[in-house]
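For reference, the structure is listed below as structure tokens.
Count residues from 1 along the sequence.
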Amino acid sequence: MKNIVVLDGYSANPGDLSWEPLKEFGNLTVYDRTKPEDVIERAKDAEILLINKINMTDEVISSLPKLKYIGILATGYNNIDTESAHKHGVVVCNIPSYSTESVVQMTFAHILNITNQIGHYAHQNRVSKNPGKGLRWSKNPDFCYWDTPLPELAGKSIGIIGLGHIGMRVAQVALAFGLHVYAYTSKNKADLPDGINKATLDGLLHGSDIVTLHCPLAKDNLHFFNAENIAKMKQGAILINTARGALVDEQAVADALAEGKLAAYGADVMAQEPPKADNPLLRQPHAYLTPHVAWATLEARKRLMDICVNNVAAFVSGKPINEV
């Protein structure tokens, strides 16, 4: 029987799903969380290692001679030194496309919250413990009120950076809202569906009312959304990031929000997670930050667990799938 170890299982399965199907393939040990200094000790006998955000560096991989398989409980695998893994004969598999619909949903949740200010108005009209606060609508002389801009999405332009599974679904939903869709993508113009217009990066930044990021994080695009690229955007544009926090220079985004260059930043990801308390975005009232939960719907996590089990089964049978 193979030794199977899960090092940080809590985020994918805090108890509402089951690890039992993995026991068919070996002896299973599940840790909710593992500190960096405990990784090697806990994984030393593992042939199959399942991780989410644990950093698998060359030092760690080199210290685990029994290791044959790393399964990441996510789509992105930038926390794994894949070159080292391949050098040591370790198969690495990810879980593609399990959260597409959930991430698209969160992308538009951010867009709609920013444009329609749902949270703002709900907060104003909730009973408050502070005298004079809350119940704004109840005190209003007219049947309605608004104290924020209320733009309509139809007719606006959205620029999508990255047109993989998620980016393509965002484009489809955007078209349903009546948005003009532009994409910065390696796909050929002739291969794009009707309504999706291929653009240069500069053209997309100059022309988009909303820019949304849906590309993987790599060495060549770390902090690519910096002050220089933000300066190319429309005055008062909205930036959305449900991809990876480190795609943006967070200080540059905070500065652009403070100056009014950006109207809002909606993000489900941060460069460091959890973020430090002094992160400049946490002080910006027009930074709308959710704690990396776009992927975490019950439906998406069920798919994740099913694919995880299928990946392990395929590896054990000698025919691995979803290799990276």
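- Two residues are said to be in side-chain contact when any heavy atoms from C-beta on lie closer than 4.5 Å; Ile54 and Val60 fail this criterion.
- Note on Tyr182 and Leu179: separate hydrophobic clusters, where clusters join Ile, Leu, Val, Met, Phe, Trp and Tyr whose side-chain heavy atoms are under 4.5 Å apart, directly or indirectly.
- Side chain of Lys198 to main chain of Leu192: no donor-acceptor pair is present (N/O by atom type, distance under 3.5 Å, no hydrogens or angles).
- Here the straight-line distance linking atom OG1 of Thr185 with atom CE of Met168 works out to 7.0 Å at 0.5 Å rounding.
- Within 6.0 Å of CG on Asp194 lie no more than 12 heavy atoms contributed by other residues, nucleotides or ligands.
- Minimum heavy-atom separation, Ser11 to Asn52: OG-ND2, 3.3 Å.
- The CG atom of Asn78 sits 5.0 Å away from the CG atom of Leu217 when rounded to the nearest 0.5 Å.
- Summarising the geometry, atom SG belonging to Cys308 is positioned 10.5 Å from atom CG belonging to Asn13; distances are rounded to the nearest 0.5 Å.
- Remark: Glu59 CD is loosely packed, at most 12 non-hydrogen atoms of other residues, nucleotides or ligands lying under 6.0 Å away.
- Counting non-hydrogen atoms of neighbouring residues, nucleotides and ligands closer than 6.0 angstrom, the CZ atom of Phe108 exceeds 12 such neighbours.
- Taken from CG in Leu112 to CD in Gln105, the straight-line distance is 11.0 Å, to the nearest 0.5 Å.
- Remark: Phe315 CZ is packed, more than 12 non-hydrogen atoms of other residues, nucleotides or ligands lying under 6.0 Å away.
- Atom CG of Asn3 sits about 11.0 Å away from atom CG of Leu49, to the nearest 0.5 Å.
- In this structure, the side chain of Asn140 engages the main chain of Cys144 through a donor-acceptor pair within 3.5 Å.
- Between Leu163 and Ile196, some side-chain heavy-atom pair lies under the 4.5 Å cut-off.
- Environment of NE2 in His165: sparse, with no more than 12 heavy atoms of neighbouring residues, nucleotides or ligands closer than 6.0 Å.
- Other residues, nucleotides and ligands contribute more than 12 heavy atoms inside 6.0 Å of the NZ atom of Lys87.
- Between atom CG of residue Asn229 and atom CD1 of residue Ile161 there is a gap of 7.5 Å, rounded to the nearest 0.5 Å.
- Between Asn116 and Tyr121, every side-chain heavy-atom pair lies at or beyond the 4.5 Å cut-off.
- Between the side chain of Glu259 and the main chain of Ala256, no donor-acceptor pair closer than 3.5 Å is present.
- Under the 4.5 Å side-chain heavy-atom criterion for Ile, Leu, Val, Met, Phe, Trp and Tyr, Tyr184 and Phe225 are members of the same hydrophobic cluster.
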Evaluate side-chain contact (heavy atoms from CB on, under 4.5 Å) for Met233 paired with Ser208, printing each intermediate quantity in order.
-> CA-CA 7 Å; Met233 295 176 69; Ser208 299; over 6 Å; no
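- Put simply, the side chain of Asn279 gets close to the backbone of Leu281: a donor and an acceptor are under 3.5 Å apart.
- In this pair, Trp295 and His292 present their aromatic rings perpendicular. The plane angle is above 60°, beyond the 30 to 60° band.
- Neither side chain, Thr100 nor Arg169, offers a donor N or O lying under 3.5 Å from an acceptor on the other.
- Remark: the backbone N or O of Asn94 is paired with a side-chain donor or acceptor of Asn311 at under 3.5 angstrom.
- In this structure, Glu20 pairs ionically with Lys23, as a charged nitrogen and a carboxylate oxygen lie closer than 4.0 Å.
- The side chain to side chain donor-acceptor pair (under 3.5 Å) with His120 is formed by just one residue from the set Asn125, Asn113, Asp147; it is Asp147.
- Judged by distance alone, the side chain of Asp268 and the main-chain N or O of Ala294 form a donor-acceptor pair under 3.5 Å.
- Within 6.0 Å of NE2 on His123 lie no more than 12 heavy atoms contributed by other residues, nucleotides or ligands.
- In the displayed structure, Glu152 atom CD is contacted under 6.0 Å by at most 12 heavy atoms of other residues, nucleotides or ligands.
- In this structure, Arg33 is positioned above the aromatic face of Tyr10, its NZ or CZ under 6.0 Å from the six-membered ring centre and within 45° of the axis.
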